Amino acid sequence: QSSLHQIPFSSRGLLTCSRFLHRLRGTPCIPTRRPTDVFLAHNLIRNYKKDAKSTVEFPLSPITVTDIKLYLRSKDVPFHDGYSCLHVPSVFVDPSQRRDGFSLFVDKTTGQFLCKDTLVEGSWEDLQDCLEVMQKDEQDSLSPHVLLGYPESLEEQEERERGLREVQGIWSRSVPFADLPEEEGQLVKTMFQITKISNATLKKFGVRLFKPTKSLVFPWFGGPDSSLKGIKLLSAQMTDAEKVAYNEAMVPKCSSYFNLFGLALVSRMDSEVVVTGSELDALAVSQGTGLPSVALPRGVSCLPPALLPYLEQFKRVTLWLGGDIRSWEASKIFSRKLGLRRCALVRPGEFQPCPLEALSQGKNLSRIVKAAIPAAHKSIVSFKQLREDVYGELMNTDQVAGVKWTRFPELNRILKGHRKGELTVFTGPTGSGKTTFISELALDLCMQGVNTLWGSFEINNVRLAKIMLTQFAMQRLEENLEQYDFWADKFEELPLYFMTFHGQQNIKTVMDTMQHAVYLYDINHVIIDNLQFMMGQENLSVDKFAVQDHIIGVFRKFATNSSCHVTLIIHPRKEEDDRELQTASIFGSAKASQEADNVLILQEKKLVTCPGRRSLQVTKNRFDGDVGIFPLDFIKSSLTFSTPIKGKHKLRKVAAKPENEEEAQGKADEAPLKKDEGKKEKATKTAKASPAVKSQANGSEKAK
Ligand SMILES: Nc1ncnc2c1ncn2[C@@H]1O[C@H](COP(=O)(O)OP(=O)(O)OP(=O)(O)O)[C@@H](O)[C@H]1O
């Protein structure tokens, strides 16, 4: 079982290669697992269910493109330096049969390889093994059939066959648009708001209608024979605001549906492509511009590196991922993976909505694509270059403020949302529930599509996943074990990953792992629990504060450079028992609070009236300066926190930019500023009918 389970391209090839090579070398065949420190929620749940001990750690040895090039040169292997990959003659194709001389692609960041002719793939170590064996045995190539001939487990085989049968079943019962009666075709088009998409375009991309569920069917062709590998079903629903809400389902299950839609229409000679965030957008671009267009299988949420070899042939890649800020941010991040030099980005805005909308509004799509801005930017810019960005931010203030929590409306009110590229420092008294609280906070975001990576050094991943699963299900699963599979199946679908570290760790190793995860899974949020586990224990002579400052600086840089939010849990320094914590109570020097964009403190009240009552205090908010405090109630059965509904615990909020944080905290505790008094009334009312409580009710409704 590979730890990189979600990328089907990789898993079987890897295992196969290693086993095969052991056979070739005559060494014993050891079931190898990939060296990785990142683990999927999927695996954890599986292991949790079956074999908790199989979460073995493997050291990740980071590889650089220079290492790869040096090695290839040492083996006399020619290569072309591509955008994201090195192109190498495939070792799995006989030299006399090589159609395209350089069909094996080695990812410059990870060393993973893919042979586009045979679809053999594997890790950098696997490729090195192949080359060593070929050299030793003086062979020109290795047989791909032996590699791919590795028997699947019965379970895997059955699942694959079941998936394919389902795909075929739906596909054969779906109707091409041209075969629909004129009136019915128009009705469906109106429902999906695709009246401007012609039947010819739908036919070109093979889009059909599955009548039983009134869904559009998008085929995914793959493999050397370009056969039907999977389908995406799209259903549409009208929302109150006269907008269409789409619902997607993939067959086979989404984890194995992993290629670009529209790829089969791209010719080897094409040198330009438009990448879109949805299949309908790809149709619109194709019709509106005549250019090749492909859609990302999981929309703007990620660009898996496994897809990069398929985009290597293009000299110009235009990313037109949608019409909102999220698409814009994603296009900037994806262009780094694709190589900035060749990428151009369509900036969303009033005159440049998503491609489908642009087509519906009769806009000139070719002109929009031509006007896309180059992704590579200079380090010094003038306001002229920034003015569009500033305008975009002013126009979309709500989106700029970030993803909103559904379970913590009060936090939205103070922090406004969860934004990329920020550093949050979180502290609280020992054993007060920091891990439990942050777990729910992160889960809330993850459930909304924020790709999340946990670095839990204090408690092991199984325990952490158990806490998260309980919070996800909002109930004690110990007492409802029959519901375990139901919740675990849903939990598996979350974009949630865990580092497999436990105990003291070296900051460099943790950083390498985080970079690796950002590249592979487009991680948007990393949680480190907690910083003290990176400080090292052996070297007590070294200045502890200097070490901590260095580590915080490294995390700060990572958050900014990777556009990834980092939440750092830091223990407080020893405080007197009856005093609440302050920003200055964070262990170490002032560096942590200076570098942080947000400082959150879990306060534990030592009151006689309500002993143990927790509150969450925001003492720093760089985004807009609002700070404040609100009470939290702990529900032990679900391990969740929510706002108490009793009137006496009011939401308190203070205005922007306090002179110093202690003062701000004092103000927050004592009296809300005047300008907030009107709002305070409202806030109290809101707190009474707390959406957090409501959302819990909804959650249990859903659970039922
Ligand atoms: N508000 C709360 N009231 C009572 N118990 C709580 C509360 N929050 C968490 N707990 C429980 O307290 C225990 C410790 O919680 P947790 O590990 O989250 O604390 P922590 O602050 O992260 O601890 P540490 O200081 O060791 O890192 C857990 O059993 C958890 O279920």
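Please read all numbers here as calculations on a predicted model, not as lab measurements. Just so you know, ligand 1 is whichever comes first in the structure, and atom 1 is the first atom listed for that ligand.
- Of the candidates D549, L568, I552, E595 forms a side-chain contact (heavy atoms from CB on, under 4.5 Å) with just one, namely I552.
- Aromatic rings from W487 and F472 are positioned such that their centres are separated by under 6.0 Å.
- Considering backbone and side-chain N/O of T435, one or more are found under 3.5 Å from N/O of ligand 1.
- For atom 19 (O) of ligand 1, the nearest protein heavy atom (residue, atom name, distance) is G433 N, 3.1 Å.
- H571 and T427 are not linked by any side-chain donor-acceptor pair at a separation below 3.5 angstrom, with hydrogens and angles left out of the test.
- By heavy-atom distance, the residue among I438, T436, T427 lying nearest atom 18 (O) of ligand 1 is T436.
- Residue L639 touches ligand 1 through its side chain alone, judged by heavy-atom distances below 4.0 Å.
- The closest protein non-hydrogen atom to atom 27 (O) of ligand 1 is E458 OE1, 2.7 Å.
- Of all protein heavy atoms, the one lying nearest to atom 14 (C) of ligand 1 is G431 O, 4.0 Å.
- Counting heavy atoms under 4.0 Å from ligand 1, residue K636 does not touch it at all.
- Of all protein heavy atoms, the one lying nearest to atom 6 (C) of ligand 1 is F634 CE2, 3.5 Å.
- Annotation: cation-pi pair K434/F426 absent, no NZ/CZ under 6.0 Å from the ring centroid and within 45° of its normal.
- Between F437 and ligand 1, a contact under 3.5 Å exists for no N or O pair.
- Aromatic rings from F437 and F408 are positioned such that their centres are separated by under 6.0 Å.
- Rounded to the nearest 0.5 Å, atoms CD1 (I551) and CZ (F555) are 7.5 Å apart.
- For the pair R556 and D597, the salt-bridge criterion is met [side-chain N within less than 4.0 Å of a carboxylate O].
- Counting heavy atoms under 4.0 Å from ligand 1, residue K434 touches it through both backbone and side chain.
- For atom 1 (N) of ligand 1, a protein heavy-atom neighbour is found at a distance under 4.0 Å.
- Using a 4.0 Å heavy-atom cutoff, S432 is listed among the residues neighbouring ligand 1.
- Listed by number with element, the atoms of ligand 1 under 4.0 Å from a non-hydrogen atom of H571 are 24 (P), 25 (O), 27 (O).
- In the model, Q532 has no side-chain atom that pairs as donor or acceptor with a side-chain atom of E458 under 3.5 Å.
- At a 3.5 angstrom cut-off on N or O pairs, T430 does not count as close to ligand 1.
- Each of the atoms 1 (N), 8 (N) of ligand 1 lies under 4.0 Å from some heavy atom of F641.
- Paired with M447 under the rule side-chain contact (heavy atoms from CB on, under 4.5 Å), one option of K490, E493, R407 passes, and it is R407.
- Aromatic ring pairs are classed by plane angle as parallel below 30°, tilted from 30° to 60° and perpendicular above 60°; the pair W405 and H418 is perpendicular.
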